[in-house]
Amino acid sequence: MLVRRCLAGDAVAWEEIVQKYNRRIYNICYRFAGSGEDAQDLTQEVFIKMYRTLKTYDVERGAFMTWVTTITRNLLVDHFRKSKQDRVTDSMDTAPSEHEDAMPLSEQIPDKGAPPDAHVQSRETGETVHRALQKLSPELREAVILRDLQDMDYREIAAVLKVPEGTVKSRINRGRAELARLLQRTYRQVM
Amino acid sequence: MPGESKNGMQCAEFDLLLSEVLDETLSGDKLEKFQAHGRVCPVCGPLLAEAKEGRHWLKSLQEVEPPANLVHNILVATTGVDTVRLRQPASAQPQISRAERMREWAGTLVSPVWAVARQPRFAMSFGMAFFSLSLALSMAGVKLSDVQHVDLRPSAVKRTYYETSGRVVKYYENIRFVYEIESRVREFKRATTPAEPGPAPEERKERKNNNNTSGQPEQKQERNYSQGGTQPVLASAPNDPPVVTVTTYRRFV
Ligand SMILES: [Zn+2]
């Protein structure tokens, strides 16, 4: 097993772990944090944390993928708290700019109507959905990311978030519904 | 209304079953009750429609491509080493081309010396030495671009060897001449700067014995360009332009 080889000092095994999981972790971070730059920093932090705590991974307690995702999620929580704190500090330092949060998504995203090119449309749609996702509360956002983007099952998600499966399902429902409502405002004509 | 029972099903139960319905894993009697509740409940009906729509939006999101240097950066940040794969024996990697293997092989030969050459205290003398060599080579009529496109077939190498060996003697004489001048300049400098003494005698002795280039760089910043290691570094430096910048990965430190 990769982890065991890695703990035995096999550097190739560690590189295999990095190769195997970097894409997944980067995507979770990107969809949660919103920007590619943050996602890159966060992904690196995840691997640094993994590298340092690899010996604490217990095979008996669950799949390696769940462990990796838990580390990622915990760092995302820290990141969210920190950036929220930064935002509070920023707004105290500078003139308040509440309109940014208060303005509905439909006003922040220019209405595209019906773009002629299907490819351009799908790319722009992806961008719009991504931005709408950032508007969800972190609890709902992480739930739908793990379920609909990472295809994790409810039991695994419950293990990562450390909440009952029922709570996971409820958050997924609310996250999906909230996202649909946000996008309905943007795509009222198209839908 | 949460907690309200419609068609034999509570809203909480509807909520619990909703994701399973969208996964299409629910069937039979339970599914019928679920649908009946959704048709009449003013809360759960819209929730079903919106959740379905939101799921559709999320599923439309494509996986994004991580930056190309991400793996490299992670490996540097964690192990301090770029990649270990390249140091495996060539037999374990049949997919690697001959040129790549040559480069790796050259890399393993020069990497310890090259590592020394990259350290700031060697950078200056190395840069000067490279400059001298390229000057000497160009004086002797060899362009560096020619060196990069050398034909490596055995017959070609043999022919090139004989063609070149004669000239090499001449380069050597030229290089030696340049070194001669360099070392004179160094001696002159040392003699004229008594304010900055060289290493203490015992220190100098220690360094002479210490030919181990893989160890940690010494942190002392004495201005001493003359190191025994300069010439071997020069002789085995890889073809890449010897840009003597010190790479720092500020992000992770
Ligand atoms: Zn209901």
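Note on naming: letters A, B, ... go to the chains in the order of the sequence lines (proteins, then strands), and numbering restarts at 1 for each one.
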Let me know if A:Phe47 has heavy atoms under 4.5 Å from chain B in its side chain, its backbone, both or neither.
both

Let's test your reading of the structure: which of B:Gln62, B:Glu65, B:His56 forms the most heavy-atom pairs below 4.5 Å with chain A?
B:Glu65

Quick one: which residue pairs count as a salt bridge (Lys or Arg N to Asp or Glu O under 4.0 Å) with a foot in residues 45-74 of chain A, not counting sequence neighbours?
A:Arg73-A:Glu142

Side-chain ion pair, B:Lys33 and B:Glu13, N-O less than 4.0 Å:
no

For residues A:Ile157 and A:Gln150, determine if any side-chain heavy atom of one lies less than 4.5 Å from a side-chain heavy atom of the other.
no

Does a salt bridge link A:Lys169 with B:Glu20, judged by any charged N lying under 4.0 Å from a carboxylate O?
yes

Based on non-hydrogen pairs under 4.5 Å, which of B:Leu16, B:Leu17, B:Leu48 is most in contact with chain A?
B:Leu16

Please classify the contact between A:Ile172 and chain B as side chain, backbone, both or neither, with a heavy-atom cut-off of under 4.5 Å.
neither

With the side chain counted from C-beta on, respond yes when B:Arg55 and B:Leu58 share a heavy-atom pair under 4.5 Å apart, and no when they do not.
no

Heaviest contributor of heavy-atom pairs below 4.5 Å to chain B, chosen from A:Leu179, A:Val129, A:Asn173, is A:Asn173

Is A:Ile25 close to chain B through its backbone or its side chain, or both, or neither, when contacts mean heavy atoms under 4.5 Å?
neither

Please classify the contact of A:Arg24 with chain B as side chain, backbone, both or neither, using a heavy-atom distance under 4.5 Å.
neither

Shorter than 4.5 Å, heavy atoms on both sides: which option in B:Asn69, B:Thr79, B:Val71, B:Val64 has the most such pairs with chain A?
B:Val64

Sorted by chain and residue number, the salt bridge (charged side-chain N to carboxylate O under 4.0 Å, His left out) partners of A:Arg4 (sequence neighbours excluded) come out as none

Contacting region of A:Arg23 [heavy-atom separation from chain B under 4.5 Å]:
both

Ranking B:Pro66, B:Pro46, B:Ser60 by heavy-atom pairs under 4.5 Å to chain A gives rank one to B:Pro66

Is the backbone N or O of A:Arg31 less than 3.5 Å from a side-chain atom of A:His130, with the two atoms forming a donor-acceptor pair by type?
no

